[in-house]
Amino acid sequence: MPANLTPQYLEAELKFKQAKTTPEKIKALEVMMAVIPKHKGTERLRGQLKSRMAKLKDELQKRPTVGRAEQAYNIKREGAAQVVLLGLPNAGKSSLLSQITHASSEVGDYPFTTQKPIPGMIEFENLQIQLVDTPPIQLDHIEPGFPNLIRNADALLLLADLTEDPIFQMEIILEELNNMRIKVLGRGLIPSLEVGWASLRALPVGNKCDVKNAMAAYQKFESRFKNSFPILPISAKEGMNFDELKKEIYQILDIIRVYTKVPGKDADLSEPVILKKGSTVGDVALSIHKDFVAKLRYAKIWGSGKFEGQMVKRDYIVSEGDVIELHI
Ligand SMILES: Nc1nc2c(ncn2[C@@H]2O[C@H](COP(=O)(O)OP(=O)(O)OP(=O)(O)O)[C@@H](O)[C@H]2O)c(=O)[nH]1
Ligand SMILES: [Mg+2]
(Lines give C-alpha, C1' and ligand atoms only; values in the text may rest on other atoms or scores of the structure.)
(Ligands and ions follow the chains in the order given, each with its own letter.)
Protein backbone atom coordinates (compact mmCIF):
# COMPACT_ATOMS: atom_id res chain seq x y z
CA MET A 1 0.00 0.00 0.00
CA PRO A 2 1.50 3.38 -0.98
CA ALA A 3 2.54 5.65 1.87
CA ASN A 4 1.52 8.90 0.07
CA LEU A 5 3.80 11.05 2.14
CA THR A 6 2.95 14.73 2.19
CA PRO A 7 5.31 17.65 1.39
CA GLN A 8 5.20 18.54 5.11
CA TYR A 9 6.48 15.11 6.00
CA LEU A 10 9.20 15.21 3.37
CA GLU A 11 10.27 18.64 4.55
CA ALA A 12 10.56 17.38 8.13
CA GLU A 13 12.44 14.33 6.91
CA LEU A 14 14.93 16.58 5.13
CA LYS A 15 15.43 18.53 8.35
CA PHE A 16 16.00 15.25 10.15
CA LYS A 17 18.68 14.27 7.65
CA GLN A 18 20.37 17.63 7.98
CA ALA A 19 20.22 17.72 11.79
CA LYS A 20 23.66 17.68 13.37
CA THR A 21 22.87 17.03 17.01
CA THR A 22 20.71 14.49 18.80
CA PRO A 23 18.28 17.13 20.20
CA GLU A 24 17.88 18.56 16.68
CA LYS A 25 17.19 15.08 15.35
CA ILE A 26 14.61 14.45 18.06
CA LYS A 27 12.86 17.71 17.24
CA ALA A 28 12.69 16.93 13.52
CA LEU A 29 11.53 13.39 14.24
CA GLU A 30 8.76 14.71 16.49
CA VAL A 31 7.47 16.74 13.56
CA MET A 32 7.71 13.75 11.23
CA MET A 33 5.67 11.72 13.70
CA ALA A 34 3.11 14.51 14.07
CA VAL A 35 2.52 15.09 10.38
CA ILE A 36 2.86 11.60 8.92
CA PRO A 37 -0.46 10.51 7.38
CA LYS A 38 -1.98 7.93 9.67
CA HIS A 39 -3.26 5.08 7.52
CA LYS A 40 -2.43 1.46 6.79
CA GLY A 41 0.19 2.37 4.17
CA THR A 42 2.37 4.17 6.70
CA GLU A 43 2.03 1.69 9.54
CA ARG A 44 5.48 0.17 9.07
CA LEU A 45 7.13 3.52 8.66
CA ARG A 46 5.43 4.86 11.80
CA GLY A 47 6.79 1.88 13.69
CA GLN A 48 10.28 2.64 12.42
CA LEU A 49 9.99 6.29 13.44
CA LYS A 50 8.94 5.24 16.91
CA SER A 51 11.90 2.94 17.41
CA ARG A 52 14.25 5.56 15.98
CA MET A 53 12.91 8.03 18.51
CA ALA A 54 13.45 5.55 21.34
CA LYS A 55 17.06 5.03 20.21
CA LEU A 56 17.73 8.78 20.03
CA LYS A 57 16.30 9.33 23.51
CA ASP A 58 18.49 6.51 24.79
CA GLU A 59 21.51 8.10 23.17
CA LEU A 60 20.74 11.38 24.84
CA GLN A 61 20.69 9.72 28.25
CA LYS A 62 23.78 7.62 27.73
CA ARG A 63 26.00 10.54 26.78
CA PRO A 64 29.51 10.01 28.12
CA THR A 65 30.23 12.34 30.99
CA VAL A 66 32.39 15.19 29.77
CA GLY A 67 35.52 16.30 31.53
CA ARG A 68 35.81 19.57 33.42
CA ALA A 69 37.90 21.29 30.74
CA GLU A 70 35.44 20.23 28.09
CA GLN A 71 32.53 21.43 30.18
CA ALA A 72 33.95 24.96 30.11
CA TYR A 73 33.58 24.91 26.32
CA ASN A 74 29.92 24.06 26.55
CA ILE A 75 28.42 27.52 26.10
CA LYS A 76 24.64 27.61 26.14
CA ARG A 77 23.37 29.28 23.00
CA GLU A 78 21.33 32.42 23.69
CA GLY A 79 19.65 34.99 21.47
CA ALA A 80 19.21 34.80 17.71
CA ALA A 81 22.57 33.16 16.98
CA GLN A 82 25.92 32.19 18.44
CA VAL A 83 29.06 33.73 16.94
CA VAL A 84 32.45 32.45 18.12
CA LEU A 85 35.37 34.84 18.20
CA LEU A 86 38.74 33.35 17.20
CA GLY A 87 42.23 34.76 16.96
CA LEU A 88 45.86 34.44 17.94
CA PRO A 89 47.13 35.64 21.34
CA ASN A 90 46.73 39.39 21.90
CA ALA A 91 44.59 39.98 18.80
CA GLY A 92 42.12 41.88 20.96
CA LYS A 93 39.33 39.31 21.31
CA SER A 94 38.58 40.04 24.95
CA SER A 95 38.78 43.79 24.32
CA LEU A 96 36.15 43.37 21.61
CA LEU A 97 33.85 41.27 23.79
CA SER A 98 34.14 43.77 26.63
CA GLN A 99 33.44 46.78 24.39
CA ILE A 100 30.68 45.47 22.14
CA THR A 101 28.70 43.56 24.81
CA HIS A 102 27.89 44.14 28.47
CA ALA A 103 30.00 41.12 29.43
CA SER A 104 33.53 41.50 30.61
CA SER A 105 36.54 39.38 29.80
CA GLU A 106 39.97 40.13 31.17
CA VAL A 107 42.20 42.11 28.81
CA GLY A 108 45.98 41.84 29.11
CA ASP A 109 48.97 43.16 27.21
CA TYR A 110 50.50 39.67 27.50
CA PRO A 111 49.43 36.58 25.49
CA PHE A 112 47.11 33.83 26.78
CA THR A 113 45.13 36.12 29.06
CA THR A 114 41.91 34.28 28.30
CA GLN A 115 41.73 30.71 29.60
CA LYS A 116 38.16 29.73 28.90
CA PRO A 117 35.31 30.87 26.65
CA ILE A 118 33.18 33.77 27.86
CA PRO A 119 29.86 34.72 26.25
CA GLY A 120 28.27 38.15 25.90
CA MET A 121 25.29 39.56 24.00
CA ILE A 122 25.54 42.03 21.11
CA GLU A 123 22.48 44.21 20.64
CA PHE A 124 21.66 44.73 16.98
CA GLU A 125 18.38 46.49 16.16
CA ASN A 126 15.66 44.25 17.65
CA LEU A 127 18.00 41.28 18.02
CA GLN A 128 20.45 39.88 20.52
CA ILE A 129 23.37 37.96 19.06
CA GLN A 130 25.66 35.95 21.31
CA LEU A 131 29.39 36.53 20.93
CA VAL A 132 31.78 34.06 22.57
CA ASP A 133 35.32 35.13 23.48
CA THR A 134 37.77 32.22 23.45
CA PRO A 135 41.34 31.39 24.48
CA PRO A 136 43.81 32.06 21.69
CA ILE A 137 44.32 29.65 18.80
CA GLN A 138 47.61 27.78 19.11
CA LEU A 139 49.29 25.67 16.48
CA ASP A 140 50.53 22.87 18.69
CA HIS A 141 47.71 22.48 21.16
CA ILE A 142 43.97 22.40 21.21
CA GLU A 143 41.80 22.14 24.29
CA PRO A 144 39.22 19.35 24.33
CA GLY A 145 35.85 20.88 23.69
CA PHE A 146 37.17 23.79 21.64
CA PRO A 147 36.56 22.17 18.21
CA ASN A 148 33.00 21.35 19.25
CA LEU A 149 32.32 24.91 20.35
CA ILE A 150 33.50 26.11 16.94
CA ARG A 151 31.59 23.48 14.97
CA ASN A 152 28.35 24.26 16.75
CA ALA A 153 28.60 28.01 16.17
CA ASP A 154 26.37 29.74 13.66
CA ALA A 155 29.28 31.82 12.36
CA LEU A 156 32.86 32.72 13.23
CA LEU A 157 34.50 36.09 13.70
CA LEU A 158 38.21 35.78 12.89
CA LEU A 159 40.12 38.58 14.53
CA ALA A 160 43.61 39.55 13.34
CA ASP A 161 45.93 42.15 14.87
CA LEU A 162 46.73 44.69 12.12
CA THR A 163 49.98 45.63 13.82
CA GLU A 164 51.36 42.07 13.55
CA ASP A 165 51.20 40.61 10.02
CA PRO A 166 47.44 39.98 9.82
CA ILE A 167 47.69 37.81 6.68
CA PHE A 168 49.97 35.36 8.45
CA GLN A 169 47.62 35.26 11.48
CA MET A 170 44.64 34.54 9.28
CA GLU A 171 46.53 31.75 7.52
CA ILE A 172 47.31 30.13 10.86
CA ILE A 173 43.66 30.34 11.94
CA LEU A 174 42.50 28.84 8.64
CA GLU A 175 45.08 26.07 8.92
CA GLU A 176 44.01 25.24 12.46
CA LEU A 177 40.37 25.16 11.41
CA ASN A 178 41.33 22.89 8.56
CA ASN A 179 43.05 20.58 11.04
CA MET A 180 39.76 20.45 12.92
CA ARG A 181 38.04 19.57 9.64
CA ILE A 182 36.18 22.86 9.57
CA LYS A 183 35.82 24.65 6.28
CA VAL A 184 35.06 28.35 6.44
CA LEU A 185 33.54 30.45 3.76
CA GLY A 186 32.38 34.02 3.56
CA ARG A 187 30.30 34.07 0.44
CA GLY A 188 28.73 31.70 -2.01
CA LEU A 189 27.04 28.37 -1.75
CA ILE A 190 28.00 25.91 0.93
CA PRO A 191 29.72 23.04 -0.90
CA SER A 192 28.84 19.47 -0.12
CA LEU A 193 31.55 18.11 2.12
CA GLU A 194 33.03 14.77 2.98
CA VAL A 195 31.67 13.02 6.06
CA GLY A 196 33.11 14.47 9.26
CA TRP A 197 33.64 17.95 7.86
CA ALA A 198 31.73 21.01 8.97
CA SER A 199 31.19 24.18 7.03
CA LEU A 200 30.78 27.61 8.61
CA ARG A 201 30.47 31.22 7.56
CA ALA A 202 33.29 33.42 8.77
CA LEU A 203 34.03 37.13 8.90
CA PRO A 204 37.71 38.15 9.03
CA VAL A 205 38.21 41.42 10.91
CA GLY A 206 41.39 43.50 11.21
CA ASN A 207 41.73 44.93 14.73
CA LYS A 208 43.67 47.87 16.19
CA CYS A 209 42.99 50.13 13.18
CA ASP A 210 43.53 53.08 15.56
CA VAL A 211 47.27 52.38 15.63
CA LYS A 212 49.53 54.31 13.24
CA ASN A 213 50.17 52.45 9.95
CA ALA A 214 47.54 49.82 10.78
CA MET A 215 45.37 50.93 7.85
CA ALA A 216 48.25 50.32 5.42
CA ALA A 217 48.45 46.74 6.75
CA TYR A 218 44.66 46.52 6.44
CA GLN A 219 44.79 47.34 2.70
CA LYS A 220 47.02 44.31 2.07
CA PHE A 221 44.92 42.13 4.38
CA GLU A 222 41.77 43.20 2.54
CA SER A 223 43.11 42.56 -0.93
CA ARG A 224 44.29 39.10 0.10
CA PHE A 225 40.90 37.95 1.44
CA LYS A 226 38.19 40.16 -0.04
CA ASN A 227 37.34 37.82 -2.92
CA SER A 228 36.38 35.05 -0.57
CA PHE A 229 35.11 36.94 2.49
CA PRO A 230 33.38 40.09 3.59
CA ILE A 231 36.05 41.89 5.59
CA LEU A 232 36.46 45.07 7.63
CA PRO A 233 38.78 47.00 9.96
CA ILE A 234 37.83 47.87 13.54
CA SER A 235 39.34 49.17 16.72
CA ALA A 236 38.11 47.12 19.65
CA LYS A 237 39.70 49.56 22.05
CA GLU A 238 38.21 52.74 20.54
CA GLY A 239 34.92 51.17 19.45
CA MET A 240 35.57 52.13 15.83
CA ASN A 241 33.34 50.68 13.08
CA PHE A 242 31.15 48.73 15.49
CA ASP A 243 27.93 49.58 13.61
CA GLU A 244 29.39 48.15 10.40
CA LEU A 245 30.68 45.13 12.30
CA LYS A 246 27.23 44.36 13.72
CA LYS A 247 25.66 44.67 10.26
CA GLU A 248 28.25 42.35 8.73
CA ILE A 249 27.76 39.82 11.52
CA TYR A 250 24.02 39.85 10.85
CA GLN A 251 24.68 39.43 7.11
CA ILE A 252 26.91 36.37 7.43
CA LEU A 253 24.43 34.66 9.72
CA ASP A 254 22.15 34.17 6.71
CA ILE A 255 19.06 34.67 8.81
CA ILE A 256 15.89 36.67 8.34
CA ARG A 257 13.41 38.20 10.74
CA VAL A 258 9.68 37.84 10.26
CA TYR A 259 6.82 38.80 12.56
CA THR A 260 3.62 36.97 13.37
CA LYS A 261 0.27 38.55 14.11
CA VAL A 262 -3.17 37.39 15.12
CA PRO A 263 -6.20 38.48 13.06
CA GLY A 264 -7.39 41.97 13.89
CA LYS A 265 -4.27 42.94 15.78
CA ASP A 266 -0.97 44.54 14.80
CA ALA A 267 2.24 42.53 14.75
CA ASP A 268 4.68 43.01 17.58
CA LEU A 269 7.74 44.30 15.74
CA SER A 270 9.95 43.96 18.79
CA GLU A 271 9.54 40.16 18.78
CA PRO A 272 11.00 38.80 15.55
CA VAL A 273 10.86 35.14 14.62
CA ILE A 274 14.35 34.19 13.49
CA LEU A 275 14.63 31.85 10.54
CA LYS A 276 17.25 30.64 8.06
CA LYS A 277 17.09 32.42 4.69
CA GLY A 278 14.85 30.39 2.37
CA SER A 279 12.45 29.33 5.14
CA THR A 280 8.77 28.84 4.41
CA VAL A 281 5.46 29.70 6.04
CA GLY A 282 5.55 26.10 7.31
CA ASP A 283 8.80 26.87 9.15
CA VAL A 284 7.21 29.96 10.72
CA ALA A 285 4.42 27.72 12.04
CA LEU A 286 6.93 25.16 13.26
CA SER A 287 8.87 27.80 15.17
CA ILE A 288 5.71 28.54 17.13
CA HIS A 289 4.58 25.00 17.87
CA LYS A 290 4.93 21.64 16.20
CA ASP A 291 1.17 21.09 16.30
CA PHE A 292 0.73 24.29 14.34
CA VAL A 293 2.45 22.82 11.29
CA ALA A 294 0.10 19.89 11.08
CA LYS A 295 -2.99 22.08 11.47
CA LEU A 296 -1.91 25.02 9.29
CA ARG A 297 -4.35 25.72 6.46
CA TYR A 298 -2.98 28.93 4.96
CA ALA A 299 -1.36 32.21 5.93
CA LYS A 300 -1.84 35.86 5.06
CA ILE A 301 1.26 37.83 4.37
CA TRP A 302 2.23 41.49 4.44
CA GLY A 303 5.54 42.53 2.90
CA SER A 304 6.88 40.27 0.20
CA GLY A 305 3.47 39.23 -1.18
CA LYS A 306 2.10 40.55 -4.48
CA PHE A 307 -0.31 42.63 -2.43
CA GLU A 308 -0.79 43.26 1.29
CA GLY A 309 -2.62 40.48 3.10
CA GLN A 310 -2.08 38.01 0.26
CA MET A 311 -3.16 34.44 1.01
CA VAL A 312 -0.26 32.00 0.73
CA LYS A 313 0.35 28.29 1.28
CA ARG A 314 2.78 26.61 3.65
CA ASP A 315 5.53 26.28 1.04
CA TYR A 316 5.64 30.05 0.41
CA ILE A 317 9.17 31.35 1.00
CA VAL A 318 9.14 34.25 3.45
CA SER A 319 11.40 37.33 3.28
CA GLU A 320 13.07 39.66 5.77
CA GLY A 321 10.46 41.85 7.47
CA ASP A 322 7.37 39.90 6.40
CA VAL A 323 4.36 39.97 8.72
CA ILE A 324 2.53 36.65 8.77
CA GLU A 325 -0.90 35.70 10.03
CA LEU A 326 -1.23 31.94 10.44
CA HIS A 327 -4.63 30.33 9.98
CA ILE A 328 -5.29 26.88 11.35
N1 LIG B 1 45.64 50.08 20.16
C2 LIG B 1 44.81 49.08 20.35
N3 LIG B 1 45.10 48.11 21.26
C4 LIG B 1 44.24 47.10 21.41
C5 LIG B 1 43.04 47.03 20.68
N6 LIG B 1 42.38 45.90 21.05
C7 LIG B 1 43.14 45.31 21.99
N8 LIG B 1 44.24 46.03 22.22
C9 LIG B 1 45.33 45.71 23.18
O10 LIG B 1 45.90 44.46 22.82
C11 LIG B 1 46.25 43.73 23.99
C12 LIG B 1 45.58 42.38 23.99
O13 LIG B 1 44.18 42.55 24.14
P14 LIG B 1 43.21 41.38 24.58
O15 LIG B 1 41.82 41.88 24.37
O16 LIG B 1 43.56 40.86 25.92
O17 LIG B 1 43.58 40.29 23.48
P18 LIG B 1 43.08 38.76 23.37
O19 LIG B 1 42.98 38.44 21.93
O20 LIG B 1 41.88 38.55 24.20
O21 LIG B 1 44.33 38.00 24.00
P22 LIG B 1 44.39 36.50 24.59
O23 LIG B 1 43.31 36.35 25.61
O24 LIG B 1 45.74 36.38 25.16
O25 LIG B 1 44.19 35.60 23.43
C26 LIG B 1 45.84 44.60 25.19
O27 LIG B 1 46.96 45.32 25.61
C28 LIG B 1 44.79 45.53 24.60
O29 LIG B 1 44.71 46.76 25.27
C30 LIG B 1 42.75 48.07 19.74
O31 LIG B 1 41.73 48.10 19.04
N32 LIG B 1 43.68 49.05 19.62
MG1 LIG C 1 41.54 37.27 25.70
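Indexing begins at 1, ligand by ligand and atom by atom, following the structure's order. Throughout, residue positions are numbered sequentially from 1 according to the sequence presented. All values reported here derive from a predicted model rather than from experimental measurement.
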Looking only at N/O atoms, are [X] and ligand 1 under 3.5 Å apart anywhere?
{"X": "G108", "result": "yes"}
{"X": "V211", "result": "no"}
{"X": "E106", "result": "no"}
{"X": "K93", "result": "yes"}

Exactly one candidate in L85, I252, L86, V132 meets side-chain contact (heavy atoms from CB on, under 4.5 Å) with L157; the answer is L85

Is the shortest side-chain heavy-atom distance between [X] and [Y] below 4.5 Å?
{"X": "I129", "Y": "M121", "answer": "no"}
{"X": "I234", "Y": "L96", "answer": "yes"}
{"X": "L97", "Y": "H102", "answer": "no"}

Would you tell me which option among G239, S95, P111 has the nearest heavy-atom contact to atom 15 (O) of ligand 1? S95

On a heavy-atom basis, which atom in [X] and which in [Y] lie closest, and how many Å separate them?
{"X": "I150", "Y": "L200", "value": "O-CD1, 3.1 Å"}
{"X": "D283", "Y": "E11", "value": "OD1-OE2, 3.3 Å"}
{"X": "E325", "Y": "P263", "value": "OE1-CA, 3.2 Å"}

Which residue and heavy atom of the protein sit nearest [atom], plus the separation:
{"atom": "atom 1 (N) of ligand 1", "answer": "D210 OD2, 3.0 Å"}
{"atom": "atom 17 (O) of ligand 1", "answer": "G92 N, 3.1 Å"}
{"atom": "atom 23 (O) of ligand 1", "answer": "T114 OG1, 2.8 Å"}
{"atom": "atom 6 (N) of ligand 1", "answer": "N207 ND2, 3.2 Å"}
{"atom": "atom 8 (N) of ligand 1", "answer": "K208 CE, 3.6 Å"}
{"atom": "atom 24 (O) of ligand 1", "answer": "F112 N, 2.7 Å"}
{"atom": "atom 3 (N) of ligand 1", "answer": "K237 CD, 3.5 Å"}
{"atom": "atom 28 (C) of ligand 1", "answer": "V107 CG1, 3.7 Å"}

Are any of the side-chain nitrogens in E125 or R257 under 4.0 Å away from the carboxylate oxygens of its partner? yes

Whether F146 and Y73 hold their rings parallel, tilted or perpendicular, with breakpoints at 30° and 60°: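 Correct class here is tilted.
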
Report yes or no: do S270 and N126 form a side-chain donor-acceptor pair below 3.5 Å? no

Is it the case that Y316 and S304 place a side-chain donor and acceptor less than 3.5 Å from each other? yes

Could you tell me, atom by atom, which parts of ligand 1 come under 4.0 Å of a heavy atom of P89?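 Result: 25 (O).
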
I need the atoms of ligand 1 closer than 4.0 Å to a non-hydrogen atom of S94, numbered in the order shown.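 Near S94, meaning under 4.0 Å from one of its heavy atoms, ligand 1 has 15 (O), 18 (P), 20 (O).
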
Residues two or more places apart in sequence or in another chain: which of them pass side chain to side chain contact (heavy atoms under 4.5 Å, CB included) with Q251?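 Here the qualifying residues are E248.
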
If you leave out waters, which protein N, O or S atoms are less than 2.8 Å from the Mg ion (ligand 2)?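 Result, waters dropped: S94 OG, T114 OG1.
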
Report yes or no: do W197 and L177 belong to one cluster of Ile/Leu/Val/Met/Phe/Trp/Tyr joined by side chain heavy-atom distances under 4.5 Å?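 Looking at the clustering, L177 is in a separate group from W197.
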
Do any heavy atoms of G87 fall under 4.0 Å from ligand 1? no

From M32 CE over to Y9 OH, what is the distance, rounded to the nearest 0.5 angstrom?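 Reported value, rounded in 0.5 Å steps: 3.5 Å.
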
